[in-house]
Amino acid sequence: MSEDGYGFFEDKIVVGSYKIECSLHEDYIHYSRAKESSVERSKIIKNAEKLELLPIYPVFLPLAITKYVIVYFTEALNIPPSGNATIYIKIPVDISVYAYDANDNFTVIDVFAVSSVKYALYGPIEEGIIARYYKSEVFLDPVDPKLGEALARIKIVNKTDSWVEIGKVLLDSQLLRLHYKPRTWEAYTQEIAVNILARDKAIVNYLDKFVKNVVEIRDPEGFKPPRLRGSNEMIWGLR
Amino acid sequence: MLESIVSYMSGIDWILIAKAVAVAVAGLTISWLLRLILFKVLVRALPVKLVRMITRIIYYVLVFLVLVSVLGTIGIDLTGLVVAGGVVGIILGFALQNTVANLFSGLFLQWEKPFKIGNGVKIGGIEGIVIDQSILSTRIRGYDGVIHRVPNYTIFQSEITNYHGSVARRVDFRIGIAYREDAEKAYNVIKAVLDQHPYVLADPPPDVFVVELASSSVDIMVRAWIPNVDGLPWKARMELLWLIKKAIDEAGIEIPFIQTDIWFRTPLKIEATSLCNKDENVDGSSSK
């Protein structure tokens, strides 16, 4: 049995309610994932040398239908005019299995969720967007994320001259960067800045990582456009 | 010989020729510029293929007008040409009536964009996916795989339903439970299925409520919003009906058959007769 947590594994490992097994052969690896004795995914990966478990952006299950993640706060946050607040929230992450060849080229062979997968509509029915849904507590101090979660530090700045209530945040997974602590189930995003410019406009900027001794995941090929920085807008959901 | 050439050349009105050349050069330049400007303006609103075709037609019409102007400048009488053009125009007008109607309808449809290629639509009696749209007609692949070519004029005059016009779609269905069953228990069973299904949106949340106390059942209405991508509303509807039926069965809740109570104004005399042969006793033995 391999040691728990993200990172390379060799034979068996338990991830939530899933039991993952791999057997190494001369020129291939046999991989299988089972839940309650029922095999849900089984694959032969030719010329693979090793497998690695990593957190992945929660936008691939059951089908990739969006790139957005929306996190609803269990308690809305009220911010005074020209005020700011730094909070911590949890965002969902799914679990991916990377297979590497001898030249360190990788491919993602499996993605699965350890918590329920739900989506929500952000905005009106005609022009809104579908986003992966998650409900998170709002923490004022950092907490340890559990399996299937990543901790995000959000700095909210109210640049308007009136009180603003914010109860959710929309994130673009193509601008997120996920980090993990090897041999633990802890995952983290980078720091995220939400600048509220008006009641109908907030800009979400993606900054640098806020935790030390973490490793950034390598993004699946073709998932992200070639850009380092970016932002997304929130035009609904502020009060 | 030389003299005759000189005399012929001197007989030509060179000023007129210069005027004609000037008209031709100016006309062609203006036509080319107009084509370019129109392309740049129209391409913002219409597909490139269509804009290319429109600007080409306009350009050739302008070139024709320039040619007519040049001929007029050098003194060629165009009365016959105008008369002939008028007659040809009337004939073409009648002959191409439908084509022109389709063409302009196609232009309006491209402008208005009531649907896009790949959208699921219902136009008149045809339902399917739009696979191609040209200036004259639109091709729709029916859900049964049959390809329909619909003239744009027909589409323009029809009621168009676009199933992909919104980000999410609501699926509705009624579930009837027996009167003796606990409606709240049924509500909780249905709600649990909806909460577990990934494509039932958490926001807007699904609605589950008693919609009617019907003659044979208590009818529960289920309304759930589903992402309008890749035919998910249809797939989710099928899955949900199946999962809810299973969950209701597992919870021991009865989905009743239609029951009808018949009331007779006067008491009925019912004569009971044995199903057995008259010659046989009830236990099947012969009385002989």
Side-chain angles (χ1 to χ4, degrees), chain A residues 16-17 35-36 40 57-74 76 90-95 111-136 148 166-171 173 234-239, chain B residues 112-116 118-121 129 160-172 188-208 222-244 246-247 250:
Chain A
S17 54
K35 188 176 189 179
E36 294 164 0
E40 292 193 353
Y57 310 100
V59 290
F60 295 103
L61 295 174
L63 295 169
I65 59 167
T66 181
K67 61 172 186 164
Y68 291 100
V69 180
I70 189 157
V71 182
Y72 283 60
F73 304 160
T74 50
K90 289 174 177 178
I91 73 158
V93 289
D94 293 330
I95 313 296
V111 177
F112 57 95
V114 288
S115 55
S116 73
V117 176
K118 292 294 277 183
Y119 289 86
L121 173 69
Y122 174 68
I125 298 214
E126 308 79 41
E127 51 179 337
I129 50 173
I130 299 291
R132 171 80 179 262
Y133 168 86
Y134 200 69
K135 198 159 194 172
S136 167
I166 181 167
K168 53 189 158 191
V169 64
L170 181 78
L171 304 171
S173 65
M234 285 179 67
I235 54 174
W236 299 294
L238 301 166
R239 283 186 203 168
Chain B
E112 194 188 344
K113 292 190 180 75
F115 51 77
K116 289 186 279 188
N119 284 174
V121 293
I129 305 287
I160 301 170
T161 306
N162 186 350
Y163 295 117
H164 286 101
S166 55
V167 181
R169 274 182 64 196
R170 199 182 71 190
V171 295
D172 299 358
N188 289 332
V189 168
I190 295 166
K191 194 75 174 46
V193 172
L194 296 173
D195 287 345
Q196 281 166 19
H197 198 282
Y199 290 132
V200 172
L201 295 181
D203 188 14
D207 287 325
V208 182
V222 178
R223 287 178 174 166
W225 288 92
I226 311 289
N228 197 4
V229 191
D230 287 343
L232 285 181
W234 174 245
K235 289 175 197 164
R237 184 186 160 78
M238 286 192 298
E239 276 178 23
L240 283 171
L241 273 174
W242 173 245
L243 291 170
I244 288 172
K246 259 173 59 175
E250 280 166 16

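Just so it is clear, the structure is predicted and the values come from calculations on it, not from any experiment. Every chain is numbered from 1 and lettered A, B, ... according to where its sequence line falls, protein lines coming before strand lines.
For A:L63, the parts lying near chain B are the backbone and the side chain together; criterion is any non-hydrogen pair under 4.5 Å.
Ranking A:I70, A:T66, A:I129, A:I65 against chain B, the residue ahead of the rest is A:I65, based on heavy-atom pairs under 4.5 Å. Interface remark: of the candidates A:S116, A:A113, A:A120, A:A120 forms the most heavy-atom pairs closer than 4.5 Å to chain B.
In the displayed structure, B:K246 atom NZ is contacted under 6.0 Å by at most 12 heavy atoms of other residues, nucleotides or ligands.
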N/O donor-acceptor pairs under 3.5 Å from side chains in residues 222-235 of chain B, not counting sequence neighbours:
from	atom 1	to	atom 2	distance (Å)
B:N228	ND2	B:Y163	O	2.6
B:N228	ND2	B:S166	O	3.0
B:K235	NZ	B:D230	O	3.1

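Looking at residues two or more places apart in sequence or on another chain, you find a side chain to side chain contact (heavy atoms under 4.5 Å, CB included) between A:K135 and A:Y72, A:T74, A:Y133.
Going from atom CG of B:D203 over to atom NZ of A:K118 covers 11.0 Å, rounded to the nearest 0.5 Å.
Between A:P62 and B:Y199, the shortest heavy-atom contact is CD-OH, 3.3 Å.
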